[in-house]
Amino acid sequence: MTNKNNSTIMTPERIDSLIKVYRDGMLEDVLPFWIRHSVDREYGGFMFAVDRDGTIIDTDKGVWQQGRFSWMLAALYNTVEPRQEWLDLSKHGIDFLRRYCFDTDGRMFFLVTREGRPLRKRRYIFSETFAIAALAAYAKAARDEQAKQEATDLFKLVIRYLTTPGLLPPKVNPEVRPMKALAVPMIMIITAQILREVADDPSFCTEWTDQWINEIERDFMKSEFEAVLETVGPNGEFIDHFDGRMLNPGHAIEAAWFILQEGQYRGKDPRLIKLGTTILDWMWKWGWDEENGGIIYFRDVKRLPVQEYWQDMKFWWPQNEAIVATLMAYQVTGDEKYARWHQMIHDWTYARFPDPKYGEWFGYLHSDGRISVPLKGNMWKGAFHIPRMQWKCWQILRQIKQSRSAG
């Protein structure tokens, strides 16, 4: 490993430059864009379906995005500075979640109208996980015991649904082809990490985090392919069909930094750091587009054609997750390879996604980097992956800078 103090890539000058890019990009561009355009002062919550200039183009409200932005605002209040505006807006989103986004069974909707009338409910538990994160972060920021209890109860409800056969409708007939997806243990790791910050019993969150990390290692990591599969059988069986062969490098790279983060929480646990960097190493090779640059969306683990037509597009969020993961891997290992990968993905992404005219970022590029669609938000893209990346990288770089000064 290379001594971080003598890095030829992550020099003091580059660190200072990157801090400014991430900090200012978040505080002066991305957050103001969404606060200016998405806050619904009439009906509550946030509207994220906006055109390039921030004009609302659809008033329906994705429930994921209500929780995500509410979490982000509270997290910034907790870690950057206690701005009342951030706390108030976090509560603004949480109030909408509480009032309109829960069904009578305690589960949550996926999509509601502007006024909060339910439109769609999915079989997945991700609306709930983002609400848990929002409630936990808000509980910490506002010292709100009710929000903490709501987050804890919802976390336990999600676990009950995930661990009780038959409660969640299967995607395909489980008697013919039982399957499970990487997205579940991945998102549950970060959800438990966020809840743990306020939980009365943090060990409960840590124990579940161990189970989900072990599940990824045991069932989804395949050394014969040097890949992390997106879908496997219930005991990690390889499914030789489109779904079973599919790789989603962005998802796996996101899981890698969640695991690295857990390793840091446990005093630089060597097993978790090795696990996280192995996932990153494998999936960088699958995801990085050697011809055009950037992380592509899907690959087939047998290098067969992928069925999804967007398979080689460059979406915003895999780039965001790769920027965080490579920087965190450099922080915990000092390996220059990760500094080099971070430079590659950062420079490629920042040359193409940010919108110099109206602010914020485009979300969808063709394989060669051309803009596919100019909108800034929809059911999937809102105030989450980009500001989380900017916030996380700013914090990591500050820590690197401090450790060098101390060392």
Side-chain angles (χ1 to χ4, degrees), residues 19-56 59 61-101 112 114-116 130-148 150-151 190 194-195 197-198 316 320 354-355 358-361 363 376-378 381-398:
I19 286 175
K20 180 175 175 58
V21 168
Y22 295 131
R23 179 196 63 213
D24 295 355
M26 179 181 65
L27 297 178
E28 299 177 11
D29 174 25
V30 172
L31 279 180
F33 180 93
W34 290 114
I35 291 172
R36 185 165 60 248
H37 296 299
S38 75
V39 181
D40 188 345
R41 306 288 182 182
E42 185 175 356
Y43 292 100
F46 309 104
M47 293 182 288
F48 286 104
V50 301
D51 205 347
R52 180 184 179 186
D53 62 358
T55 302
I56 299 292
T59 59
K61 293 170 179 172
V63 175
W64 288 19
Q65 302 293 5
Q66 309 303 307
R68 284 173 158 185
F69 195 27
S70 299
W71 166 79
M72 187 78 255
L73 291 158
L76 292 174
Y77 182 93
N78 291 328
T79 61
V80 175
E81 64 176 275
R83 290 193 194 181
Q84 190 63 41
E85 180 188 34
W86 293 343
L87 187 64
D88 292 344
L89 286 174
S90 179
K91 184 177 186 299
H92 179 82
I94 286 169
D95 286 346
F96 188 85
L97 286 171
R98 285 169 166 164
R99 190 175 300 124
Y100 299 115
C101 298
V112 298
R114 181 182 182 186
E115 300 82 8
F130 297 124
I132 292 164
L135 287 162
Y138 179 75
K140 183 176 181 179
R143 296 178 175 85
D144 186 323
E145 289 295 318
Q146 178 189 344
K148 181 174 74 172
E150 288 172 333
I190 189 67
I194 293 169
L195 179 61
E197 295 182 20
V198 298
W316 82 104
N320 295 160
D355 181 357
Y358 292 106
E360 228 273 342
W361 289 29
K376 295 292 174 56
N378 52 26
K381 183 179 182 295
F384 180 63
H385 285 281
I386 298 168
R388 184 176 71 170
M389 176 272 292
Q390 294 167 321
W391 166 67
K392 219 36 211 177
C393 289
W394 174 24
Q395 304 302 312
I396 292 169
L397 289 161
R398 288 175 60 191

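A distance of 4.5 Å separates CD1 of Ile190 from CD1 of Ile194, quoted to the nearest 0.5 Å. Atom-to-atom distance recorded for Ile94:CD1 and Gln146:CD is 10.5 Å, nearest 0.5 angstrom. The structure places CH2 of Trp316 at 10.5 Å from CZ of Phe384, a figure rounded to the nearest 0.5 Å. Atom NE2 of His37 is separated from atom OH of Tyr358 by 10.0 Å, given to the nearest 0.5 angstrom. Considering CD1 of Ile19 and CD of Gln395, their distance stands at 9.5 Å, rounded to 0.5 Å. Rounding to the nearest 0.5 Å gives a distance of 6.5 Å between CZ of Arg23 and CH2 of Trp394.
Judged by distance alone, with hydrogens and angles left aside, the side-chain atoms of Lys381 form a donor-acceptor pair with the main-chain N or O of Trp361 at under 3.5 Å. Under a 3.5 Å cut-off, the side chain of Asp51 and the backbone N or O of Asp53 do not form any donor-acceptor pair. A donor-acceptor pair is defined here as one N or O able to donate and one able to accept, closer than 3.5 Å; no such pair exists between the side chain of Lys61 and the backbone of Met47. A donor-acceptor contact shorter than 3.5 Å links the side chain of Asp29 to the backbone of Glu360.
Under 4.0 Å is where a charged nitrogen must lie from a carboxylate oxygen, and between Arg83 and Glu81 at least one such pair does. With salt bridges taken as basic N to acidic carboxylate O contacts below 4.0 Å, one links Lys376 and Asp355.
Minimum interatomic distance between Leu73 and Ser90 (heavy atoms only, all atoms of both residues): CD1-N, 3.8 Å. A pairwise comparison of heavy atoms in Glu42 and Arg114 identifies OE1-NH2, 3.5 Å as the closest pair. Annotation for Ala139 and Ala147: closest pair CB-CB, 3.9 Å, computed over non-hydrogen atoms. Asn378 and Gln65 make their closest contact through O-NE2, 4.1 Å (heavy atoms, listed as atom of the first residue, atom of the second, distance). When every heavy atom of Ala75 is checked against every heavy atom of Ala137, the shortest pair comes out as N-CB, 4.2 Å. Counting all heavy atoms, side chain and backbone alike, Ala151 lies closest to Ala136 at CB-N, 3.9 Å.
With sequence neighbours excluded, no residue forms a side-chain hydrogen bond (donor to acceptor under 3.5 Å, both in side chains) with Thr59. In this view, Arg98 and Asp95, Glu150 satisfy the salt bridge (Lys or Arg N to Asp or Glu O under 4.0 Å) rule, not counting sequence neighbours.
Proximity of His385 to Arg68: side-chain heavy atoms (C-beta onward) are separated by under 4.5 Å at one or more points. Counting only heavy atoms from C-beta outward, the side chains of Leu76 and Leu31 approach each other to under 4.5 Å. In this structure the side chain of Asp24 never reaches within 4.5 angstrom of the side chain of Leu27, judged on heavy atoms. Using a 4.5 Å cut-off on side-chain heavy atoms (C-beta onward), Asp40 and Phe46 make no contact. A 4.5 Å side-chain heavy-atom check between Tyr77 and Tyr138 finds every atom pair outside the cut-off. Put simply, the side chain of Phe69 reaches to within 4.5 Å of the side chain of Ile35, judged on heavy atoms. Within the 4.5 Å cutoff, the side chain of Lys392 has no heavy atoms near those of the Tyr22 side chain. Two residues are said to be in side-chain contact when any heavy atoms from C-beta on lie closer than 4.5 Å; Asn78 and Glu197 fail this criterion.
Shown here is Arg143, whose CZ atom has no more than 12 heavy atoms of other residues, nucleotides or ligands within 6.0 Å. Residue Lys148 places its NZ atom among more than 12 non-hydrogen atoms of other residues, nucleotides or ligands, all under 6.0 Å distant.
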